[in-house]
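A quick note: this is a predicted structure, and the numbers were derived from the prediction, not measured. For this chain, numbers begin at 1 and follow the sequence in order.
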Amino acid sequence: MSKLTKEDILRDAKEKNVEFVRLQFTDVFGLMKNVAVTVSQLEKALDNDCMFDGSSIDGFVRIDESDMYLHPDLDSWAIFPWRTFGGKTTGRLICSVYMADNKTPFMGDPKNVLDKVIKEANEMGFGFNVGPELEFFLFKRDEEGNPTTELTDAGGYFDLNPNDAGENCRRDICLALEDMGYEIEASHHEVAESQHEIDFRFDDVMTTADRVMTFKHVVKTYATKHGLHATFMPKPIYGINGSGMHTNMSLFRLEDGSNAFDDPSDERGLSKTAYQFIAGIMKHIKGIAAFSNPTVNSYKRLVPGYEAPCYLTWSSSNRSVLVRIPAARGKGTRVELRCPDPTCNPYLEMALCLAAGLDGIKKGMTPPEPVDYNVFDLTAEELKKEKIDCLPGSLIEAVYAAEADPFIKETLGDHVFDAYIEGKKNEWDEYRTQVSQWEVNRYLKK
């Protein structure tokens with residue numbers, strides 16, 4: 001049930017002098033799309049009567065079945081703080097995509113995929129809360145305004161001016177997000193030069209996935225306003241830390257709102273449900289990787305030595321592991337998956353994480369023993385002796401792992417899975433046939 005009504009939105013649009021409304025949705029690969037309508041068409045949009053051509057969107061439908069409808073989520077209504085001209089403003093609504101009959105959810109829409117898994121969790125008596133931690137870089141632009149990888153500062157973790165040259169931009173991002181309904185919990189310089197992180201409060205998974213998409217849009221918008229370029233590329237510069245999107249997750253019981261992961265009587269404060277959820281994530285993470293870490297560049301971040309996990313381990317006290325249990329207990333008990341990066345499609349990544357955890361619960365899975373030491377210090381022989389497996393080492397390995405785990409396709413459905421895997425194979429083929437500057441430097445004189 002929406003908190004806002006159609007009448008609430010129409011009244012707010014009038015009071016705030018809205019001129020245009022952007023109807024936003026997300027394609028299979030996590031790219032935000034939108035169609036702008038004038039405020040005169042807002043009521044029509046709120047009646048789910050706005051149509052668009054789905055055949056023009058990557059991974060959607062063929063040209064002979066192109067008519068599709070947008071169904072706005074009323075609670076996603078917001079005004080863009082930066083889109084104010086002559087007293088006129090611009091609003092937005094995040095939409096789900098429906099088929100030509102305007103009744104059937106289009107299962108090529110990532111939001112509808114996530115909604116399907118949420119309903120499965122609800123049937124089991126659970127709700128799902130998620131709190132992501134998105135990192136990004138702010139780089140300089142050249143004289144023509146093109147993005148570069150030139151650093152804006154030499155700052156480090158938690159630094160401030162003058163070492164943190166992105167502080168003013170980050171402040172404006174936070175203020176804009178708060179204007180749009182976010183509760184900002186932390187904003188700081190990250191470990192690498194020119195790297196930043198802004199954390200917003202956890203919420204139900206659909207709201208959070210929507211907020212990830214909006215977050216990236218806001219960050220890029222305000223970076224441009226400051227003459228900078230914001231990138232969520234996982235590893236833009238060799239030799240320094242990359243950007244991740246640690247995903248904090250917890251199940252709560254619908255009957256009383258209590259945290260289903262919490263058990264004070266357990267030595268680690270974790271319930272049986274929590275252990276089973278962890279086991280499900282560990283079971284399916286190789287197949288999930290193609291979606292949580294979706295680019296060729298993603299796997300240049302997932303290497304030892306840069307705080308990014310690459311080994312399939314978990315712990316309640318170790319930051320080198322894939323799955324970490326932060327110290328908070330009670331209502332704050334949660335599972336943190338540390339491999340995802342912010343180039344992922346949050347709807348698909350979170351749908352797969354939730355489905356994997358539920359699979360662990362349904363099948364009564366048991367996780368491996370926790371690893372409470374620095375896995376990065378182990379040699380290849382020691383890893384083998386300890387039977388510690390690793391994440392896929394490249395995008396194509398991740399694609400093959402997704403194909404090898406039937407659970408992934410069952411969760412996402414044929415349409416999304418087939419379109420996504422085909423796109424990623426094409427991406428890999430394009431990458432592997434390129435000749436890089438590293439190769440030229442290394443082999444040209446051979």
Side-chain angles (χ1 to χ4, degrees), residues 16 22 24 26 30-32 34 76-85 89-94 130-141 145-203 207-234 236-237 241-248 340-346:
K16 294 179 178 174
R22 294 185 179 272
Q24 299 178 330
T26 302
L31 296 177
M32 182 184 285
N34 88 136
S76 70
W77 172 252
I79 305 297
F80 288 145
W82 64 92
R83 300 287 298 182
T84 303
F85 302 101
T89 62
T90 298
R92 79 89 197 268
L93 288 160
I94 298 176
V130 180
E133 304 170 23
L134 286 91
E135 297 169 332
F136 58 95
F137 282 85
L138 291 175
F139 291 135
K140 294 181 180 179
R141 294 177 179 268
N146 298 312
T148 72
T149 54
E150 185 179 353
L151 300 172
T152 57
D153 62 56
Y157 195 59
F158 276 30
D159 273 353
L160 43 81
N161 265 330
N163 289 333
D164 177 7
E167 185 175 301
N168 290 339
C169 179
R170 209 170 58 237
R171 177 204 61 206
D172 287 350
I173 292 168
C174 289
L175 292 174
L177 290 170
E178 287 188 330
D179 282 346
M180 297 183 73
Y182 287 63
E183 183 178 331
I184 302 301
E185 293 191 325
S187 167
H188 59 86
H189 198 288
E190 254 298 338
V191 173
E193 297 97 325
S194 301
Q195 189 185 34
H196 306 268
E197 179 175 318
I198 297 173
D199 299 330
F200 51 90
R201 188 181 187 275
F202 74 89
D203 213 316
T207 298
T208 298
D210 287 343
R211 285 179 176 165
V212 168
M213 295 302 300
T214 300
F215 179 92
K216 293 194 277 188
H217 181 45
V218 172
V219 167
K220 286 182 172 290
T221 297
Y222 277 88
T224 300
K225 290 171 75 69
H226 280 260
L228 302 172
H229 175 70
T231 180
F232 293 94
M233 183 178 179
I237 298 179
N241 284 20
S243 292
M245 190 185 83
H246 299 165
T247 304
N248 294 271
D341 68 58
T343 58
C344 74
N345 182 329

Full working for side-chain contact (heavy atoms from CB on, under 4.5 Å) between L134 and F215:
CA-CA 9 Å; L134 286 91; F215 179 92; 3.8 Å; yes

For the residue pair [X] and [Y], establish whether any side-chain heavy-atom pair is separated by less than 4.5 Å.
X: H196; Y: H189; value: yes
X: M180; Y: T214; value: yes
X: N248; Y: E133; value: yes
X: P342; Y: F136; value: no
X: W82; Y: V218; value: yes
X: F137; Y: L228; value: no

Could you measure the distance from the [atom1] atom of [X] to the [atom2] atom of [Y]? Nearest 0.5 Å is fine.
X: E197; Y: H246; atom1: CD; atom2: NE2; answer: 8.0 Å
X: I198; Y: E135; atom1: CD1; atom2: CD; answer: 11.5 Å
X: E167; Y: L138; atom1: CD; atom2: CG; answer: 12.0 Å
X: T89; Y: K16; atom1: OG1; atom2: NZ; answer: 8.5 Å
X: T26; Y: I94; atom1: OG1; atom2: CD1; answer: 7.5 Å
X: Y222; Y: R171; atom1: OH; atom2: CZ; answer: 11.0 Å

Which heavy atom of [X] sits nearest a heavy atom of [Y], and at what distance?
X: G242; Y: Q195; value: O-NE2, 2.8 Å
X: N241; Y: A192; value: O-CB, 3.9 Å
X: A176; Y: P81; value: O-CG, 3.7 Å
X: G30; Y: M213; value: O-CE, 3.3 Å

Would you find a donor on one side and an acceptor on the other, under 3.5 Å apart, between the side chain of T148 and the backbone of K140?
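Flag set: sc T148 to bb K140 pair under 3.5 Å.
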
Side chains of R141 and T224: any donor to acceptor distance under 3.5 Å?
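On atom types as modelled, these side chains qualify, holding a pair under 3.5 Å.
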
I'd like to know whether K220 forms a side-chain contact (heavy atoms from CB on, under 4.5 Å) with H229, so could you lay out the CA-CA distance, the side-chain angles of the two residues, the decisive distance to 0.1 Å, and finally the verdict.
CA-CA 7 Å; K220 286 182 172 290; H229 175 70; 4.2 Å; yes

By the definition side-chain hydrogen bond (donor to acceptor under 3.5 Å, both in side chains), identify the one residue from T231, T149, T152 that meets it with S194.
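Answer after filtering T231, T149, T152: T152.
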
Do we get R92 above F80's six-membered ring, with its NZ or CZ under 6.0 Å from the centre and within 45° of the axis?
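Because its charged atom misses either the 6.0 Å distance or the 45° angle limit, R92 does not stack over F80.
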
Side-chain ion pair, K225 and D172, N-O less than 4.0 Å:
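Salt bridge absent between K225 and D172.
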
D203 and R211: side-chain contact (heavy atoms from CB on, under 4.5 Å), yes or no, with the steps?
CA-CA 10 Å; D203 213 316; R211 285 179 176 165; 3.3 Å; yes

